[in-house]
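Take a look at the structure set out below.
Counting from 1, the numbers follow the sequence of the chain as shown.
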Amino acid sequence: AWGIDLAWVFIIPRDEPRRADELARWVTTASAQRGGVVALGLSGDENAQPVGQFERPFSMVEKKDFPRVARAGDSQGAEGVTKTIETLHPTRIIDGRGAAEQPEALAALKQRDITVAASLIRAARQGWVETAADYPLRKLYDEGVSVVIGTDLPSIYHTTLDDEYLAVVEQCGFSTEELEDLALNAVRNSYLPEAAKAEMLAAFTEEYA
């Protein structure tokens, strides 16, 4: 009903910068988009290569107004998040570890309207926080950062979207109304065409009501 069966974020591995330009050129082609590619991504060990190695390919797709996703904060914390924002101008950050505790990173997320994709249980499994309750979700949400809840790598971190949503309510103290808002953020910040996005928002809002 919404025009896309399966969508792909095409990832550049951080340890393979030499392929980045080629991949960036490909994702904006008609054939890639017919195949459901909706964004260019960057993932992998933050320490593998400096983020500046990927500035050119991300700039290439930004000029074509193509969405850009980057994992940041895993190893370098808020400093890695800030560098990634300043260098790559992403539309979405995955993890964003440390950003809630660093005013510059938090301000950059808000000012540039960058979505943060968070997995509370992954953060706990990685040892970034002791429990999901310690994840700074409340601060990000109350500060007006656009947050979406996901599972990241569910088979590795032994989580499901149900588990994550339960943690949001039971461990982070969110109301069901706030959880609904977080869930709708996933639609608002999706890479669906605008007409399909509006249709899905209306359908989900009706179902929640």
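Of the options Leu42, Leu40, Val69, a side chain to side chain contact (heavy atoms under 4.5 Å, CB included) to Leu88 is made by Leu42 and by none of the others.
Among pairs with a residue in residues 30-42, those fulfilling side chain to side chain donor-acceptor pair (under 3.5 Å) read Thr29-Ser31, at least two apart in sequence or across chains. Residues in residues 101-111 take part in these salt bridge (charged side-chain N to carboxylate O under 4.0 Å, His left out) pairs, two or more places apart or across chains: Lys110-Glu143.
Side-chain atoms of Thr159 and Glu164 include a donor-acceptor pair closer than 3.5 Å. In this structure, a donor-acceptor pair under 3.5 Å is absent between the side chains of Arg92 and Thr115.
In this structure, the separation between CG on Leu184 and CE on Met200 is 11.0 Å, given to the nearest 0.5 Å. The structure places CZ of Arg68 at 13.0 Å from CE of Met60, a figure rounded to the nearest 0.5 Å. Distance CD/Glu46 to OG1/Thr84: 6.0 Å, rounded to 0.5 Å. Taken from CZ in Phe54 to CD in Glu16, the straight-line distance is 9.0 Å, to the nearest 0.5 Å.
Scanning for ring-ring contact (aromatic ring centres under 6.0 Å, His included) contacts around Trp26 gives Phe10, with sequence neighbours left out. Under the salt bridge (Lys or Arg N to Asp or Glu O under 4.0 Å) criterion, Glu194 pairs with Lys197, sequence neighbours left out. In terms of the salt bridge (Lys or Arg N to Asp or Glu O under 4.0 Å) criterion, residue partners of Glu178 (sequence neighbours excluded) are, by chain and number, Arg138.
Using a 4.5 Å heavy-atom cutoff, the side chains of Trp128 and Asp74 are in contact.
The two residues Tyr208 and Glu180 come nearest to each other via the heavy atoms CD1-CG, 3.3 Å. Annotation for Arg71 and Ile94: closest pair NH1-CG2, 3.5 Å, computed over non-hydrogen atoms. Closest of all the heavy-atom pairs between Gly98 and Ala78 is O-CB, 3.4 Å. Across all their heavy atoms, Asn47 and Ser75 have their closest contact at ND2-CB, 3.5 Å. The shortest non-hydrogen separation linking Cys172 to Ala133 is SG-CA, 4.3 Å.
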side-chain contact (heavy atoms from CB on, under 4.5 Å) between Phe66 and Val37, worked out
CA-CA 10 Å; Phe66 199 69; Val37 176; 4.3 Å; yes
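Within the 3.5 Å criterion, the main-chain N or O of Arg25 finds a donor-acceptor partner in the side chain of Thr28. For the pair Ser59 (side chain) and Glu55 (backbone), a donor-acceptor distance under 3.5 Å is absent. Formation of a donor-acceptor pair under 3.5 Å by the Gln102 side chain with backbone atoms of Ala105 is found in this model.
Within the hydrophobic cluster formed by Ile, Leu, Val, Met, Phe, Trp and Tyr side chains joined at under 4.5 Å, directly or through other members, Ile114 is accompanied by Val81, Ile85, Ile93, Leu106, Leu109, Val116, Leu120, Tyr135, Leu137, Leu140, Tyr141, Val145, Val147, Ile149, Leu161, Tyr165, Val168, Val169, Phe174, Leu179, Leu182.
More than 12 non-hydrogen atoms from other residues, nucleotides or ligands lie less than 6.0 angstrom from CZ of Arg112.
For Arg14 and Asp45, the salt-bridge test fails: no basic side-chain N is under 4.0 Å from an acidic carboxylate O.
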